[in-house]
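Down below is the structure, laid out as structure tokens.
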Amino acid sequence: MPAAADFTPVAECMRGAGLPDIVIRTFAHYFEQLAAGYKGLISESEIRPVEALPGTDDITAEQEAQGRAALSGAILLKLNGGLGTGMGLARAKSLLKVKDGHSCLDIMARQAIGADIPLVLMNSFSTRDDSLAALAKYPELTGDLPLDFMQHKVPKLGAADLRPIDWPADPELAWCPPGHGDLYTALLTSGLLDKLLDAGYHTAFVSNSDNLGAVMDPAILGYFVANELPFMMEV
């Protein structure tokens, strides 16, 4: 790593692209870690096993009823920013046909319509146009919320000096999506968080757009609501 990596040119690049200050500050945090040689690894000596976890057998009939009552305040939020380049794809991986000619997006749309739950995608600049075009065949999805919001973009950095790269032939190739971790920042800066709260939505079920097994379960929602949890993750 460079002896004294400077974030200034990175910040200038991001401001020039109109990125919000909170996005720049977040990227600066990870830039400083990278420049310091931090690799993001956690050693086995630093972790301890979880002794016990609740399971679906622990959910009561009363909690399941609470979940059904809470469905009107819940949304399906699908992380749809990836192109699936590791799979040899050049479009949103959710457009991959997986069963009977239907794509992941088709199946997710049908799941949302069948459950009468709003579907919202977190798209990237690489996936938005194709994904929204694919969902246009489902007018039932149109409701009081937008179909998507955009995650941000961050500059690609040169390994030698950690400065933003320059790609004149195709300027978009100098940028990349920051990944799923951008969810909270993008919810805030897009204005969607305020729209959700103003419309009475309080819970978001979040999963990858190619995870077709991730569907809203009223029993789990009820457990979540009954215990007033801020966050719950399947493990």
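Being a predicted model, the structure only gives us computed values, none of them experimental.
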Rounded distance [0.5 Å steps], [atom1] in [X] versus [atom2] in [Y]:
X      : Y      : atom1 : atom2 : value
Glu140 : Leu135 : CD    : CG    : 11.0 Å
Lys195 : Asp144 : NZ    : CG    : 10.5 Å
Met122 : His152 : CE    : NE2   : 10.0 Å
Phe149 : Leu183 : CZ    : CG    : 5.5 Å
Asp182 : Leu187 : CG    : CG    : 9.0 Å
Leu71  : Phe205 : CG    : CZ    : 12.0 Å

State, yes or no, whether a side-chain contact exists between [X] and [Y] at a heavy-atom distance under 4.5 Å.
X      : Y      : result
Leu79  : Gln151 : no
Ser207 : Lys78  : yes
Leu105 : Ser131 : yes
Phe7   : Ile24  : yes
Pro178 : Tyr30  : no
Met14  : Pro155 : yes
Val120 : Pro146 : no
Trp175 : Cys13  : yes

Just wondering, are more than 12 heavy atoms of other shown residues or ligands nearer than 6.0 Å to CG in Asp170?
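Buried by this count: over 12 neighbours within 6.0 Å.
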
Is the number of heavy atoms from other residues, nucleotides or ligands within 6.0 Å of CD1 (Ile42) greater than 12?
no

Can you name the closest pair of heavy atoms from [X] and [Y] and give their distance?
X      : Y      : result
His102 : Ile107 : CB-CG1, 4.2 Å
Phe31  : Leu162 : CE1-O, 3.4 Å
Lys137 : Ala134 : CE-O, 3.4 Å
Leu141 : Ala112 : CD2-CB, 4.2 Å
Pro9   : Arg163 : CG-NH1, 3.4 Å
Pro177 : Gly81  : CG-O, 4.3 Å

Holding to ring-ring contact (aromatic ring centres under 6.0 Å, His included), I want the full list of residues that pass it with Tyr138, two or more places apart in sequence or in another chain.
none

Mark yes or no for whether [X], through its side chain, and [Y], through its backbone, hold a donor-acceptor pair below 3.5 Å.
X      : Y      : answer
Thr203 : Ala74  : no
Thr185 : Val23  : no
Lys156 : Cys176 : no
Glu172 : Ser126 : no
Ser190 : Ala186 : yes
Asn208 : Asp210 : no
Asn80  : Ser209 : no

Which donor-acceptor pairs under 3.5 Å do side chains of residues 227-235 form with protein atoms, sequence neighbours excluded?
unit_1: Asn227; atom_1: ND2; unit_2: Tyr223; atom_2: O; d: 2.8

Step by step, work out the side chain to side chain contact (heavy atoms under 4.5 Å, CB included) result for Met108 and Leu76.
CA-CA 9 Å; Met108 285 187 304; Leu76 294 176; over 6 Å; no

Under the criterion side chain to side chain contact (heavy atoms under 4.5 Å, CB included), I'd like the reasoning laid out for Leu121 against Thr127: C-alpha separation, chi angles, the key distance, then a yes or no.
CA-CA 10 Å; Leu121 306 180; Thr127 63; over 6 Å; no

According to a 4.5 Å side-chain heavy-atom criterion applied to Ile, Leu, Val, Met, Phe, Trp and Tyr, with indirect links allowed, do [X] and [Y] form part of one hydrophobic cluster?
X      : Y      : value
Tyr38  : Leu34  : no
Leu221 : Val215 : no
Val10  : Leu173 : no
Leu212 : Ile113 : yes
Leu193 : Ile22  : yes

Listed pairs under 3.5 Å, donor-acceptor, residues 49-64 side chains, sequence neighbours left out:
unit_1: Asp58; atom_1: OD2; unit_2: Gly55; atom_2: N; d: 2.7
unit_1: Thr60; atom_1: OG1; unit_2: Gln63; atom_2: N; d: 3.1
unit_1: Gln63; atom_1: OE1; unit_2: Thr60; atom_2: N; d: 3.1
unit_1: Glu64; atom_1: OE2; unit_2: Arg68; atom_2: NH2; d: 3.1

For a side chain to side chain contact (heavy atoms under 4.5 Å, CB included) check, start with the C-alpha distance between Leu145 and Tyr201, then their side-chain angles and the critical distance, and finish with the verdict.
CA-CA 10 Å; Leu145 296 175; Tyr201 294 100; 3.6 Å; yes

